[in-house]
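In what follows, every chain begins at residue 1, and chains take the letters A, B, ... in the order their sequences are listed.
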Amino acid sequence: MHGASLSRWTMSYFAAACLFLILGQGMMAAGYGYPTVSTAAPETLALVHVVAIGWLSLLMAGALLQFVPVLISRQLVGGRFAPVVLALLVGGLLLLVSGFVALSGTANLPLGLLPLGGVVLLSGFALLAGVLAATLLAARPLGLPARFVALGVTALVATALLGTAFSLGLSGAVESPLLDTLVGEGIGLHAAFGLGGWLSLTAIGVSYRLFPMFLLAPETEKATSRAVWWSGAFALGLVAACLPLLLLAVAGADILLSLAALLTLALVLLYGHDAIGFYRARKRKQAELNIRASLAALAILAAATLLFLLPPVRAAAGENAAALVYLFVFGWLTGLGLSQLYKIVAFMTWLESYGPVLGRAPVPRVQDLVAERRAFVLFCLYYAAVGAATLSLFGGSAGLFRACVCVQLAATVALVNEFVRARRLSYVPAALRAPAGAVHPRLFLPTFAPRR
Amino acid sequence: MDEAEKEALREAVREALRVVIDPEIGRNVVDLGLIYDVTVEDGGIVYVTMTTTTKGCPATGYLKEAVQTCVWYVPGVEYAEVRLTYEPPWSPDMMAETIEM
């Protein structure tokens, strides 16, 4: 068995993720959460988790269920648990968000929903981590992209454990001075493990395979690429080392976090160097839209990291550097996510529809399932709106921020519509759309039998 | 079969395989350099050795089946077998020089 199978549930993960992205941006456009209230307010926490778990983590989980087997050329171990993980993550998130709403006092809901959501989410993420870890362990020694995924999955477990502890502490389900200290001091570590370790390192790792694949560039494991992995591993280790220092009120956590930030900067610069290297070595003269849009996300990652290391800029970015976190989440992570979705949805749809008739009838190319010119305008609009929203947060203008998010939301909805059109084969020339034997895929539910 | 007939069948097989495209790149598997070898033996027995651009690609099974189907339909082929290999791994340098990306 050389090839990986199509992941049956990945499209369902993507569909749920897109809905949560629209919901999250809709909440911001409606003035829910920061900057209307503080970053620590329950409303903001509800919003943050809709985006971080509902959008980004479901997107990443769905993508990994498809691409980890590609990275290691082996079948997924425990792939049958994919729908269970999806149900646990969606259910857990809805409970968690309801718990935050209860905490905010805006609705008469039981506060017990918060820890219940935390525990359900922990079980979902643990099952996902188990599936991915078992798959990776069976494929040792691992190549570099897979080693990044292993690092990301480790960070995911740390994030989920901390998050569950927070839900127990915030709801008062468990009372302990140590838990109070963790809730007071550990939010930054939770965010660093989640946004930096789980989401960013995993995305970087997968891109080390996808960039050369889509650009037709030689895929070689370079010293700089290994340095990116080691920088990420050390940075995560430093963040982990802060935990006991904070809990025991021992000085030194600030120094460790500063070192982790410097390592992150080195990581970003080296990663940028490698990505540009792939771009320059490409055989494909005209890079496709997903790559061009991903490079914009990468530039935003570099900008956000650099700006975060400048104390005056960080101070001007609002409470907990909110403007820079916004830029990181919507410019880098969401920008990259939407860019890659644009390609992956078309690619998976092609396989599902035309794979069975390849060689038996004329079939379209993957590129024929999308309309790049139209989507190019949408990506430009999306990134421009993210930039403007970030600036409005720097300027402290809540009204302007909401207006910018409305534009961002409109661009997102239009991009999601492009994914739907790709699924429905809307752009495929009529003569090639439905050769005998081709499968017309369902929008987001699996219809196909597992491949051998 | 004499050598000339074998060579003619080999060419016919390679020509037939030009209808099989790599979905991602949109070019046929022959010009992409994905067909490493076509061996013809007496009695119209054909062995094709092929690869894919990326090891572990989900399209692998479909590509292999497509090549197998195509070869079976070439007049003169009595038996066809397709073998997948990643030694050597494919690289963009293996594409035909005529391919304009």
Side-chain angles (χ1 to χ4, degrees), chain A residues 1-7 10 66-75 139 143 145-146 209-210 212-220 281-288 343-344 346-369 450-452, chain B residues 13 15-35 48-74 80 82-101:
Chain A
M1 177 68 205
H2 285 288
S5 301
L6 263 178
S7 165
T10 286
Q66 177 63 67
F67 284 105
V68 163
V70 175
L71 298 183
I72 59 174
S73 299
R74 275 170 181 265
Q75 295 282 6
R209 171 59 60 86
L210 293 187
M213 194 168 103
F214 291 144
L215 285 167
L216 294 182
E219 187 187 347
T220 46
R282 75 191 188 282
K283 287 277 184 183
R284 197 169 219 159
K285 284 182 189 148
Q286 177 66 37
E288 290 177 295
K343 181 72 186 187
I344 295 168
F347 184 60
M348 291 184 69
T349 304
W350 188 98
L351 288 175
E352 199 178 333
S353 301
Y354 301 111
V357 292
L358 184 63
R360 294 177 172 86
V363 292
R365 304 165 305 161
V366 174
Q367 293 93 324
D368 296 325
L369 272 66
R451 292 285 304 169
R452 57 180 180 267
Chain B
V13 166
E15 199 51 42
L17 289 178
R18 287 183 199 276
V19 304
V20 180
I21 62 163
D22 179 288
E24 161 48 27
I25 305 174
R27 301 304 168 103
N28 74 71
V29 291
V30 176
D31 288 345
L32 285 173
L34 297 177
I35 303 300
V48 176
T49 306
M50 66 171 291
T51 192
T52 57
T53 55
T54 304
K55 192 177 180 186
C57 171
T60 303
Y62 294 122
L63 281 164
K64 191 181 171 198
E65 273 181 32
V67 167
Q68 177 99 21
T69 305
C70 254
V71 177
W72 270 109
Y73 280 104
V74 175
V82 179
R83 196 171 70 89
L84 202 60
T85 184
Y86 289 93
E87 289 299 330
W90 181 84
S91 84
D93 296 332
M94 294 176 177
M95 292 190 296
E97 285 179 6
T98 49
I99 281 196
E100 187 68 40
M101 294 305 296

Item checked: Interface moiety of B:D22 toward chain A, non-hydrogen atoms closer than 4.5 Å -> neither
Next item on the list: Quick one: pull up NZ in B:K55 and CG in A:L71 and give me the separation to the nearest 0.5 Å.
Entry: 12.5 Å
Next item on the list: To the nearest 0.5 angstrom, please state how far the CZ atom of A:F214 sits from the CD atom of B:E24.
Entry: 5.5 Å
Checklist line | Interchain contact, B:S91 with chain A, by part (heavy-atom threshold 4.5 Å) | finding: neither
Margin query: On a heavy-atom basis, which atom in B:P92 and which in A:P218 lie closest, and how many Å separate them?
Written below: CG-N, 4.4 Å
Margin query: As an exercise, state the distance from SG of B:C57 to CZ of A:R209, rounded to the nearest 0.5 Å.
Written below: 10.5 Å
Next item on the list: Heavy atoms only, distances under 4.5 angstrom: which of B:T69, B:L17, B:V29 has the most pairs with chain A? Name it, please.
Entry: B:T69
Notebook entry, point to check: So what's closer than 4.5 Å to chain A heavy atoms on B:W90: side chain, backbone, both or neither?
Noted result: side chain
Checklist line | For B:A66 against A:L358, the heavy-atom pair lying closest together | finding: CB-O, 3.0 Å
Next item on the list: Start with the C-alpha gap between A:V366 and B:I25, add the side-chain angles, then the distance that decides, and say whether side chain to side chain contact (heavy atoms under 4.5 Å, CB included) holds.
Entry: CA-CA 8 Å; A:V366 174; B:I25 305 174; over 6 Å; no
Checklist line | Heavy-atom contact with chain B under 4.5 Å, split by part of A:P364 | finding: backbone
Next item on the list: Taking all non-hydrogen atoms of both residues into account, name the closest pair between B:C70 and A:G359 and its distance.
Entry: SG-O, 3.8 Å
Check: Among A:E219, A:R365, A:E288, which has the most heavy-atom pairs under 4.5 Å with chain B?
Finding: A:R365
Margin query: So, taking the atom named OH in B:Y73 and the one named CZ in A:R360, what distance separates them when rounded to the nearest 0.5 Å?
Written below: 7.5 Å
Item checked: Nearest heavy atoms of A:Q367 and B:P23, plus distance in Å -> OE1-O, 3.8 Å
Checklist line | Structural part of A:V357 lying under 4.5 Å from a heavy atom of chain B | finding: neither
Checklist line | Under 4.5 Å from a heavy atom of chain B, the part of A:A281 involved | finding: neither
